[in-house]
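These notes concern the structure reproduced below.
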Amino acid sequence: MELPFEIRNKIQEMCAGVDAKTLSKSAERLSENYRAESPQGKRSASAKSDIAAYCAVRMPATFAAVSRALELALECFDGEINSVLDVGAGTGAGAIAARILTNCDEITLIERERNMIDAGRQFMECMGINGYWIERDITNGIPARADLVICSYCLNELPESRRKAVAEQLAESAEKMLVIVEPGTPNAFASMLKTRSELIASGLTVVAPCPNVGECPLLNGDWCHFSARAARSKLHKQLKNADVPYEDEKFCFLAVTREGANPCGFRILRRPIIQPGRITLKLCGENGVLTETVTKSNPKFKTARKANVGDVY
């Protein structure tokens, strides 16, 4: 899902007020932190130029990833979402995605960086969304609850010693469902697996992406991750020194619930391999990982041809 044009226009306005060289340096530093999986990441964006750079180069990807994760989670969830809590909200990409996908009427956002909140308020206003912002570091507690709690690109930035406690607080704050989104890297996935085990042990049920609540069947350094395509603006391409008009954001996610879970039978783990007359799919199912080859004579061929990473099969 593409970032709404109202927000893209607002980002252009924000960046127009920042010196081009300063903006470019901020964007480069931000990208380096993300590639290095530095705990600074989003948290380092505090100056005006950093916020503008974050909005231009990271917000579209964050919005795309959270939107895709929510789509995959909501199709396996039987409940109704009327309220959303976006924890470590940044500029509100997760909350905005949730508002579009669920039409929820109550939105609360928690973010510690004042300048992030100021930018987020502008985005919410231009979208006609009413959101209640709380300026707070989430390691100091989460003073709100909602049907759906979202925590994107935040939990993995915390010291490992703090993640379990914060994850427990996130789960406690979720009346119906908790969705955690992190970068699609081996390190982030390894942390996600620990959180997954801890939340299952606390009595929660996995909604997505897993078809089962047992031990993850991926072995030998493999990891579960998905992809969401984000369009690049002209400014985005300039700051990234890129020619391609889009980028594919790789992410991993976990959705857990107290009730209403309807996990899928099979989840497509990798991009389908399309060859003349046949399509090969890597699937995760209740009994583990398997490979299925679908030929033209198979009634599933048309479905397989349109399939993408992360889809239910």
Side-chain angles (χ1 to χ4, degrees), residues 29-46 50 54 58 61-62 65-66 69 73 85-91 93-94 109-113 116 134-145 148-174 177-210 212-226 249-257 284:
R29 183 171 60 253
L30 188 65
S31 295
E32 287 175 353
N33 286 338
Y34 271 92
R35 284 194 298 269
E37 296 187 76
S38 164
Q40 297 305 309
K42 180 174 64 179
R43 306 299 95 187
S44 66
S46 56
D50 294 334
Y54 171 82
R58 281 303 308 168
T62 299
V66 175
L85 171 61
D86 191 356
V87 179
T91 53
L109 308 93
I110 299 177
E111 170 57 41
R112 79 176 191 186
E113 299 290 352
M116 282 279 195
I134 300 173
E135 185 179 347
R136 186 183 182 93
D137 190 316
I138 64 171
T139 60
N140 294 327
I142 301 173
R145 300 175 66 86
L148 169 64
V149 173
I150 302 168
C151 184
S152 61
Y153 296 90
C154 181
L155 195 60
N156 200 51
E157 292 179 344
L158 301 177
E160 188 171 356
S161 59
R162 305 300 297 273
R163 289 177 200 158
K164 182 178 179 180
V166 173
E168 289 174 349
Q169 292 172 34
L170 290 169
E172 184 63 30
S173 298
M177 184 163 64
L178 165 64
V179 177
I180 300 171
V181 182
E182 294 293 351
T185 64
N187 288 339
F189 178 67
S191 296
M192 186 78 81
L193 276 186
K194 291 181 182 179
T195 299
R196 177 183 182 272
S197 297
E198 292 161 359
L199 294 178
I200 290 173
S202 72
L204 297 177
T205 301
V206 175
V207 180
C210 315
N212 63 78
V213 296
E215 185 176 347
C216 177
L218 292 177
L219 302 172
N220 301 322
D222 198 357
W223 73 100
C224 177
H225 61 285
F226 306 102
E249 174 73 2
K250 291 181 172 57
F251 67 95
C252 59
F253 81 100
L254 175 68
V256 295
T257 185
C284 183

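Values reported hereafter were calculated over all heavy atoms of this structure, with side chains retained and with hydrogens, waters and symmetry mates removed. The shown structure was predicted, so the numbers you read here are calculated from the model rather than taken from an experiment. If you read the sequence from its start, that first residue is 1, and numbering goes on from there.
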Exercise: identify the closest heavy-atom pair between Ala171 and Leu204: CB-CD1, 3.6 Å
Atom pair CD/OG of Glu157 and Ser191 - distance to nearest 0.5 Å: 11.5 Å
Which atom of Ala69 lies closest to which atom of Val181, heavy atoms considered: CB-CG2, 3.8 Å
Minimum heavy-atom distance Met116-Thr91, with the two atoms named: SD-CG2, 3.5 Å
Atom pair CG (Leu109) and CG (Asp86), whose distance is rounded to the nearest 0.5 Å: 5.0 Å
Derivation of the salt bridge (charged side-chain N to carboxylate O under 4.0 Å, His left out) call for Glu160 and Lys194: CA-CA 10 Å; Glu160 188 171 356; Lys194 291 181 182 179; 2.7 Å; yes
Close side-chain approach of Ser173 to Val87, heavy-atom, < 4.5 Å: no
Counterpart residues, side-chain hydrogen bond (donor to acceptor under 3.5 Å, both in side chains), relative to Glu249 (two or more places apart): Arg58, Tyr153
side-chain hydrogen bond (donor to acceptor under 3.5 Å, both in side chains) partners of Arg136, counting only residues at least two apart: none
Parallel, tilted or perpendicular, as decided by the 30° and 60° cut-offs, for the rings of Trp223 and His225: parallel
Rounded distance (nearest 0.5 Å) linking atom CE of Met192 with atom CG of Leu199: 10.0 Å
Residues, nucleotides or ligands: over 12 heavy atoms within 6.0 Å of Glu135 CD: yes
Nearest-0.5 Å distance that lies between atom NZ in Lys164 and atom CG in Leu158: 15.5 Å
Which atom of Arg163 lies closest to which atom of Leu155, heavy atoms considered: CG-O, 3.5 Å
Short side-chain to backbone donor-acceptor contact, Glu182 and Asn156, under 3.5 Å: yes
Nearest heavy-atom neighbours spanning Cys284 and Pro217: SG-CG, 4.0 Å
Separation between CG of Leu254 and CG of Leu178, rounded to the nearest 0.5 Å: 7.0 Å
Polar side-chain atom of Arg145 near backbone of Glu172 as donor-acceptor pair, under 3.5 Å: yes
Nearest atoms (heavy-atom pairs only) where Leu218 meets Cys224: CD1-N, 3.5 Å
Close side-chain approach of Cys210 and Cys216, heavy atoms under 4.5 Å: no
With Ile200 via side chain to side chain contact (heavy atoms under 4.5 Å, CB included) - residues at least two apart: Arg196, Val206, Val213
Any donor-acceptor N or O pair under 3.5 Å, side chains Thr185, Asn187: no
Rounded distance (nearest 0.5 Å) linking atom CD1 of Ile138 with atom CD1 of Ile110: 8.0 Å
Verdict with supporting geometry, Leu30 and Asp50, side-chain contact (heavy atoms from CB on, under 4.5 Å): CA-CA 8 Å; Leu30 188 65; Asp50 294 334; over 6 Å; no
